[in-house]
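Down below is the structure, laid out as structure tokens.
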Amino acid sequence: MAYHHHHDRHHHLNKDEEKPVDYKKEEKHHKHREHLGQLGAVAAGAYALHEKHKAKKDPEHAHKHKIKEEIAAAVAVGAGGYAFHEHHKKKEAKKEKKAHGKKHHHLF
């Protein structure tokens, strides 16, 4: 399934299928990916907290747990950034949907 992307928005056609772009579908696509990014951020954050707790409870392996905690925290930040990116892509698709849904009336 091919999706319309912002770098070719002036074409108004999906190049793979030569059909008009379905902006509503594109908006849903980015909304879904935004939610996946949010879920990933929450899951990685929870795992980071879990490892932080294990580091305190298991001093013998605290260094190993601290490294896992830091990696999970980095993944959480990355997933949050991805969700933020998709949020903006969703807003662009919504804006394009609105702009292309209007009728253009030429008076002359």
Side-chain angles (χ1 to χ4, degrees):
M1 195 179 304
Y3 290 96
H4 176 81
H5 294 283
H6 75 279
H7 61 271
D8 61 353
R9 78 171 70 140
H10 61 276
H11 292 280
H12 306 296
L13 293 176
N14 187 324
K15 291 184 180 196
D16 295 339
E17 299 172 11
E18 295 300 320
K19 294 180 190 174
V21 174
D22 185 347
Y23 293 104
K24 187 174 182 178
K25 188 175 184 181
E26 184 175 346
E27 184 184 350
K28 271 181 95 171
H29 169 73
H30 290 298
K31 183 178 182 178
H32 177 73
R33 288 180 172 229
E34 177 186 358
H35 287 162
L36 288 175
Q38 291 169 341
L39 180 62
V42 169
Y47 185 73
L49 289 174
H50 169 74
E51 286 298 328
K52 184 175 187 170
H53 177 74
K54 284 185 105 173
K56 288 180 181 178
K57 295 291 181 186
D58 184 13
E60 189 177 329
H61 300 104
H63 182 70
K64 175 184 80 168
H65 294 298
K66 186 69 178 164
I67 290 171
K68 287 182 178 182
E69 174 195 346
E70 290 174 1
I71 291 169
V75 170
V77 170
Y82 179 73
F84 186 71
H85 165 77
E86 287 298 327
H87 175 73
H88 285 281
K89 297 289 270 183
K90 178 184 75 176
K91 283 174 62 176
E92 282 180 13
K94 190 173 190 174
K95 192 176 184 181
E96 287 181 25
K97 178 179 77 172
K98 187 175 182 182
H100 289 92
K102 292 182 179 178
K103 302 286 184 215
H104 299 283
H105 297 286
H106 298 284
L107 300 173
F108 299 101

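Applying the 6.0 Å contact sphere to NE2 of His53 captures no more than 12 heavy atoms from other residues, nucleotides or ligands. Under a cut-off of 6.0 angstrom, the local environment of NZ in Lys95 is sparse, with at most 12 non-hydrogen atoms contributed by other residues, nucleotides or ligands.
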Practice prompt. Apply the test side chain to side chain contact (heavy atoms under 4.5 Å, CB included) to residues Arg33 and His29: give CA-CA distance (whole Å), side-chain angles for both, the deciding distance (0.1 Å), then the verdict.
Written response: CA-CA 6 Å; Arg33 288 180 172 229; His29 169 73; 3.0 Å; yes
Practice prompt. Evaluate the side chain to side chain contact (heavy atoms under 4.5 Å, CB included) criterion for residues His32 and Leu36: first the C-alpha distance (whole Å), next the side-chain angles of each, then the deciding distance (0.1 Å), finally the verdict.
Written response: CA-CA 6 Å; His32 177 73; Leu36 288 175; 3.6 Å; yes
Discussion item. Walk me through whether Lys54 and Glu51 qualify under side chain to side chain contact (heavy atoms under 4.5 Å, CB included).
Written reply: CA-CA 5 Å; Lys54 284 185 105 173; Glu51 286 298 328; 4.1 Å; yes
Fill in: Step-by-step side chain to side chain contact (heavy atoms under 4.5 Å, CB included) determination, Tyr23 to Lys98
CA-CA 9 Å; Tyr23 293 104; Lys98 187 175 182 182; over 6 Å; no
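Across all non-hydrogen atoms, the minimal contact from Ala76 to Gly45 is CB-N, 3.7 Å. Residues Ala73 and Ala48 approach most closely at N-CB, 3.9 Å, considering heavy atoms. In terms of heavy-atom proximity, Glu34 sits nearest to Lys90 at OE1-NZ, 3.0 Å. Closest approach of Ala83 and Gly37 over heavy atoms only: CB-C, 3.8 Å. Between Ala62 and Ala55, the shortest heavy-atom contact is CB-O, 3.6 Å.
To the nearest 0.5 Å, the span separating NE2 on His35 from NE2 on His87 amounts to 10.0 Å. Of the inter-residue distances, the one linking His100 atom NE2 with Asp22 atom CG reads 12.5 Å to the nearest 0.5 angstrom. Interatomic distance, CD of Glu70 versus NZ of Lys52, reported as 10.5 Å (0.5 Å rounding). Taking NE2 of His65 as the reference point, atom NZ of Lys57 lies at 12.5 Å (rounded to 0.5 Å).
Side-chain atoms of Glu86 and Lys89, non-hydrogen and from C-beta on, do get closer than 4.5 Å to each other.
Salt bridge Glu69/Lys66: present, at least one basic N to carboxylate O contact under 4.0 Å.
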